[in-house]
Amino acid sequence: MSQVLDTPPPTTAAPADDPAALAARYGLAVSGARPTLPEYVRQLWARRHFITAFATAKLTSQYSQAKLGQVWQVMTPLLNAAVYYFIFGVLMNTKRHVPDFVPFLVTGVFIWTFTQSSIMTGTRAIAGNLGLVRALHFPRAALPVSFALQQLQQLLFSMAALIVILLSFGVPVSASWLLALPVLVLQFTFNAGVAMIVARMGAKTPDIAQLMPFLLRTWMYVSGVMWSLDNMLKGRDPLLKLALQCNPAAVYIDLMRYALIDSFHAKSLPPHVWALGVGWALVAGIGGFIYFWKAEETYGRG
Amino acid sequence: MAENLDTERIPTVIASGVDIVYRVNGTGAGRGSATAALNRILRREKSERAAGVRKVHAVRNVSFTAYRGEAIGLIGTNGSGKSTLLKAVAGLLPVENGKIYTDGQPSLLGVNAALMNDLTGERNVYLGGLAMGMSREQIKERYEDIVDFSGINEKGDFITLPMRTYSSGMAARLRFSIAAAKDHDVLMIDEALATGDRSFQKRSEARIRELRKSAGTVFLVSHNNKSIRDTCDRVLWLERGELRMDGPTEDVLKEYEAFTGGSDKPAPKAAKASPQVAVA
């Protein structure tokens, strides 16, 4: 009789009871289930301080054992630029027909490095931090975003060096320098988006990390980092030139050159370049975020 | 399982038929050879075994229900799947089959992975706190407590030195202090009690008891039967990934001690014995 009145018979211990029904009755949720997209955005926003703290921590710990310490933040990109100047500027003489070649080259190298290292570190963002993923609970997108942010901080150091270079090569200060800010915002959004895409791919297939340097090097050479696409492709198929100029890396590099260097004219830019810059940022940023979120519950599988 | 008494017992964690499988690349047949790798890519779905992917079945068909106010010990010999099960309950490892339902977000006690050896202890307190989901204000509020609790500054101003300069004991104490600074609904402790010197162990045991009071349910993994007896009122015994016993601490520990004490060492993992699954 009693079972009719209230509780099920005592023999029906919890495991034998339908667990789903029991869970539903007490409002339990499936552990490790993927949150909805708006909820995921909210969780990620709640962890913004962790994202910035993690990025800054990674950045400062990077050179903390070196004698020169944080000086390397500026030295590394400068040495990079020096190598490229020696090979491409001096030996291969691509500096012909490019006015202000050193500022042109250094801007290209710095802006390209930002995208390149965001993608490289993004590839290992999940796969290289499995310990963290398996120990603590946070929206996993925090990792690739944090690595992209670390690269942005790194770039800001480089930009300080770049300004010194610009001034010492006699590039005049102008109001168009302010355009550098929106360019950086767009490029960061793009980089974070791509970092999330490769983070998901790298989490499933770690081999991507081996392949990525080759893809990135190809991408670098077709993006006019150390030469002017305009000059290189003179007399070639105009469609090829347009395609190369519209690739996101080239778009952000050329926008930054346009913003900073007075001798780099708008005619070297592809048509609708700002729309392209915004478009690439939105496509990669939103697309990458959704693509990453779709596999949220699978990260950390051994 | 204990019967329902007149007070209603509120479940906080329900596991039903949980299987957890690890997949390890590049082992087994044709270890790491190019043909094996090619096989793996081409025939991923068909035969993982032939392609050199080994499956490790870490937890098999485990079901239990944990209630609010319980402190549950997890015991079992090394490699029996205790930590894996905890991680799955915390939602950190995906399950192969079955479902785990939880009340709120269970958390593992531990922040080791978030800390960086090249940073000062001070910055690690903040980093670890943020990684656990605390706000900056909460950390600031508890910062003094964390440092005092760890005792890092007892022998000088060490909190402003990089963590790589700490002795392993000091680092472990700081890690525990950071991890224990947060309050949890469902708290899972994985052999965290065995760090530090005697006085620190005593302090951390006291802190665990405090955490137990504020947490709804506590899971404790330990090989120290005494600390299980001190803290837990119910014990799950896992052996080779299977739930071998589930019941009041004394009953299960008696069986367990007979099992581990009787023979020198249980048969190696690969050997196929068939332990009786007895769910009390």
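Sequence lines set the chain letters: A, B, ... in the order given, protein chains first and strands last, and positions in each chain run from 1. The structure presented is a predicted model; accordingly, all values stated were derived computationally and were not measured.
With chain A as partner, the option from B:A88, B:P106, B:G133 having the largest number of non-hydrogen pairs under 4.5 angstrom is B:G133. Of the listed residues A:Q62, A:H49, A:E297, the one with more heavy-atom pairs under 4.5 angstrom with chain B than any other is A:H49.
Using a 4.5 Å cut-off between heavy atoms, B:A90 contacts chain A through its backbone alone, with no side-chain atom that close. Interface remark: A:R140 contributes side-chain atoms only to the contact with chain B (heavy atom separation under 4.5 Å). With a threshold of 4.5 angstrom between heavy atoms, B:T12 approaches chain A through N, CA, C or O but not through any side-chain atom. Both the backbone and the side chain of A:V30 come within less than 4.5 Å of a heavy atom of chain B. Looking at B:M132, both its backbone and its side chain come within 4.5 Å of chain A, counting heavy atoms on both sides.
Cation-pi geometry between B:R164 and B:Y166 is not met: the NZ or CZ atom fails to fall both under 6.0 Å from the ring centre and inside 45° of the normal. Figure legend: A:R42 and A:W45 shown without cation-pi pairing, the cationic atom not lying both under 6.0 angstrom from the six-membered ring centre and within 45 degrees of its axis.
Using a 4.5 Å cut-off between non-hydrogen atoms, the part of residues 51-58 of chain A that approaches chain B consists of A:T52, A:A53, A:F54, A:T56, A:A57, A:K58. Using a 4.5 Å heavy-atom cut-off against chain B, no residue of residues 142-163 of chain A qualifies as contacting.
Of the N and O atoms on the side chains of A:T115 and A:Q187, at least one donor lies less than 3.5 Å from an acceptor on the other residue.
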